[in-house]
2 protein chains.
Amino acid sequence: MPATPLFRRIDVAPAYQKVADAIEREIINGRIKPGEPIGTEQQLVAQFGVNRSTVREGIRVLEEGGLIRRDSSRRLQACLPRYNKLATRLSRALILHEVTFRELFETSMTLEVASVEGAVERATEENIAELAGNLARSAALVGNPAELAELDAEFHVLMAKASQNRVLQLAREPAAQLFFPTTEMIVGGVREGGARLVEAHRHILDAIRGRDKEAGVLWTRRHLQDWRRGFEKIASLDRSVEHTYMEHAYAARQ
Amino acid sequence: MPATPLFRRIDVAPAYQKVADAIEREIINGRIKPGEPIGTEQQLVAQFGVNRSTVREGIRVLEEGGLIRRDSSRRLQACLPRYNKLATRLSRALILHEVTFRELFETSMTLEVASVEGAVERATEENIAELAGNLARSAALVGNPAELAELDAEFHVLMAKASQNRVLQLAREPAAQLFFPTTEMIVGGVREGGARLVEAHRHILDAIRGRDKEAGVLWTRRHLQDWRRGFEKIASLDRSVEHTYMEHAYAARQ
DNA sequence: TTTATCCGTTTGTCCGACAAAGCTAGATTT
DNA sequence: AAATCTAGCTTTGTCGGACAAACGGATAAA
């Protein structure tokens, strides 16, 4: 073997990967815009000159990556990767890495506070209307932990949306997906839990309306501290977000 | 159509999806541990009773999701999803959503501050040694924007690691992947930029060593503000990341 | 206007096949 | 005996062809 290699390593990516890469490039470059059709499998077979099985494997990769999806009639089209879907993967990764609720709590505190600060600064009338709608529905469902937990998660999503910061929206999502599902357990297990939750939301919304950052931050902190107190009554913050929880969330969702 | 639907939508997932789900469940549940083999395609064919093509499509899904990988000899094995891979996809999503550097900056400020706070509280001797090593190398490369930019990114990764909060580590990664590559442009374009960067890192490390949270936060803020000032000299914060970054950084990298 | 029917297209799945690359174990060489 | 080589088996990546089910659209019937 020569001391200095004469040749660069040849790129030998499998064909399905090359198919996926080629389509991905077109989407990233903007040559194919979100919503536009990619073509049928048959057409891709013709264009790439590979077998349909190979094309289909490439498609699966892109589909899982969130770059393409199938519309109502199963035809392929480009799409904007949905935060939510990617966030789900990340949440799973967090579980497998056995993170603790303490880590989850600490990070969520940071991100929710940033979120409310942004919302106070930049929420539009429409954002506020959405939050108000959520609050009204929540108030009507104080006694229903399951529904209330879902509305709580939505409230925080709306708050992030109101911050007009999409990076923040994305950054908070993975933690939120693991964090907020516990709300049901907590609201259900703590006396007056539901009422306190709605009360906090009301104060936060008022702060956003009144552009009062201090109040917004204060009530967001209280809101999360409430969660923490509730959580510590039923579990330890330093236990990992276990498989048991995954099952719980999974089962409940399906 | 009845006002209230009588039936829930029936689950008719395609076979390849069911294959992927089945394997995923085993991994999430911990029945298959990271590093353990999944079996050959032939075995999966036998176990699931479906065709190999179907199995392979399912495998692509899991592979892209980061739950399984192929070892040196291409055999399937479970693995821990790597943050980095997932974060890359998220970064791509951010680009497609045409986020601005303002959003990136604001979120990074939040997350880096949280990161340094955690590091000040919980950094181990090993963490500090790693940071010190990074600082020493940086100091030796003040005049080299490309190298320094890479070391800067690493410094912040190490800082997040020192916070002992894996959720935070993950949450900051997508933004960081888009944010820090611009450092090269900035350090190269601003007089004394490299020196200021190393100086800031030094103060941050000192603060972590001395468990001085206030100083840590202060210098982290300054460090990022420096970035911002530098950035505004060469581009607008409100332009999308795609337009600015794709042109500059991509061209430079290739 | 709605319902039913037919037909071409597309997807999901299956079968069988083969070359290339990796592993295994016996045969060969040193 | 140890190292090396070789041949065979296994596994993956790819291919071609096939077919049922679902969908879209057009047309006929009520």
Side-chain angles (χ1 to χ4, degrees), chain A residues 1 5 7-24 26-27 32 35-79 85, chain B residues 1-3 5-24 26-27 32 35-79:
Chain A
M1 191 167 54
F7 301 105
R8 287 190 152 271
R9 70 169 296 150
I10 290 179
D11 172 34
V12 284
Y16 72 87
Q17 190 65 55
K18 289 188 176 175
V19 167
D21 288 346
I23 298 175
E24 169 173 344
E26 294 302 288
I27 297 177
I32 303 175
E36 284 179 13
I38 307 291
T40 67
E41 293 179 4
Q42 209 56 253
Q43 289 172 319
L44 295 177
V45 166
Q47 289 175 43
F48 289 114
V50 298
N51 191 273
R52 191 156 80 98
S53 306
T54 305
V55 167
R56 281 174 66 82
E57 288 189 37
I59 286 173
R60 293 293 158 250
V61 171
L62 292 175
E63 219 170 17
E64 181 63 14
L67 273 171
I68 69 179
R69 65 189 207 84
R70 311 195 92 111
D71 65 13
S72 59
S73 72
R74 299 191 189 167
R75 279 180 177 71
L76 294 168
Q77 65 176 212
C79 69
K85 173 160 193 194
Chain B
M1 192 167 54
L6 287 176
F7 301 106
R8 290 198 149 271
R9 74 167 293 147
I10 181 169
D11 171 36
V12 283
Y16 71 88
Q17 190 64 56
K18 288 188 176 175
V19 167
D21 288 346
I23 298 176
E24 170 173 341
E26 293 303 287
I27 297 177
I32 303 175
E36 284 179 13
I38 307 293
T40 67
E41 294 179 2
Q42 209 56 253
Q43 290 172 319
L44 295 176
V45 166
Q47 289 174 44
F48 289 115
V50 299
N51 191 270
R52 191 157 79 98
S53 306
T54 306
V55 166
R56 281 175 64 83
E57 287 189 40
I59 285 173
R60 294 294 158 249
V61 171
L62 292 175
E63 219 170 15
E64 179 65 11
L67 274 172
I68 69 179
R69 66 190 205 86
R70 311 197 92 112
D71 65 13
S72 60
S73 71
R74 300 192 184 163
R75 278 182 175 68
L76 294 169
Q77 64 176 213
C79 69

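Residue numbers begin at 1 in each chain, while the letters A, B, ... track the order of the sequences.
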Residues at least two apart in sequence or cross-chain that pass side chain to side chain donor-acceptor pair (under 3.5 Å) with A:Q47, listed by chain then number, are none
The side chain to side chain donor-acceptor pair (under 3.5 Å) partners of B:Q77 (sequence neighbours excluded) come to B:R69
Residue set satisfying side chain to side chain donor-acceptor pair (under 3.5 Å) with B:E41, at least two apart, ordered chain then number -> B:R52, B:R56, B:R70
What one should report as the nearest heavy-atom pair of B:V50 and B:V45 is O-CG1, 3.1 Å
Every stem of 3 or more Watson-Crick or G-U pairs under 3.5 Å that DNA chain C joins, in order of first number, is C:1-30 with D:1-30
Open item on the list: Could you go through A:D21 and A:K18, starting from their C-alpha distance and side-chain angles, then the distance that decides it, and tell me whether this counts as side chain to side chain contact (heavy atoms under 4.5 Å, CB included)?
Closed with: CA-CA 5 Å; A:D21 288 346; A:K18 289 188 176 175; 5.5 Å; no
Name the pairs: protein N/O against N/O of nucleotides 12-19 of chain D, kept only if under 3.5 Å.
{"unit_1": "D:dT12", "atom_1": "OP2", "unit_2": "B:E41", "atom_2": "N", "d": "3.1"}
{"unit_1": "D:dG13", "atom_1": "OP2", "unit_2": "B:R56", "atom_2": "NH1", "d": "2.9"}
{"unit_1": "D:dG13", "atom_1": "OP2", "unit_2": "B:R60", "atom_2": "NH2", "d": "3.3"}
{"unit_1": "D:dG13", "atom_1": "OP2", "unit_2": "B:R70", "atom_2": "NH1", "d": "3.3"}
{"unit_1": "D:dG13", "atom_1": "N7", "unit_2": "B:R52", "atom_2": "NH2", "d": "3.3"}
{"unit_1": "D:dG13", "atom_1": "O6", "unit_2": "B:R52", "atom_2": "NH2", "d": "2.8"}
{"unit_1": "D:dT14", "atom_1": "OP1", "unit_2": "A:A15", "atom_2": "N", "d": "2.2"}
{"unit_1": "D:dT14", "atom_1": "O4", "unit_2": "B:R52", "atom_2": "NH2", "d": "3.1"}
{"unit_1": "D:dC15", "atom_1": "OP2", "unit_2": "A:N51", "atom_2": "N", "d": "2.8"}
{"unit_1": "D:dC15", "atom_1": "OP2", "unit_2": "A:T54", "atom_2": "OG1", "d": "2.8"}
{"unit_1": "D:dG16", "atom_1": "N7", "unit_2": "A:N51", "atom_2": "ND2", "d": "2.9"}
{"unit_1": "D:dA18", "atom_1": "N6", "unit_2": "A:R52", "atom_2": "NH2", "d": "3.3"}

By side chain to side chain donor-acceptor pair (under 3.5 Å), A:E36 pairs with (sequence neighbours left out) none
With B:V61 as partner, the option from A:E57, A:R60, A:E63 fulfilling side chain to side chain contact (heavy atoms under 4.5 Å, CB included) is A:R60
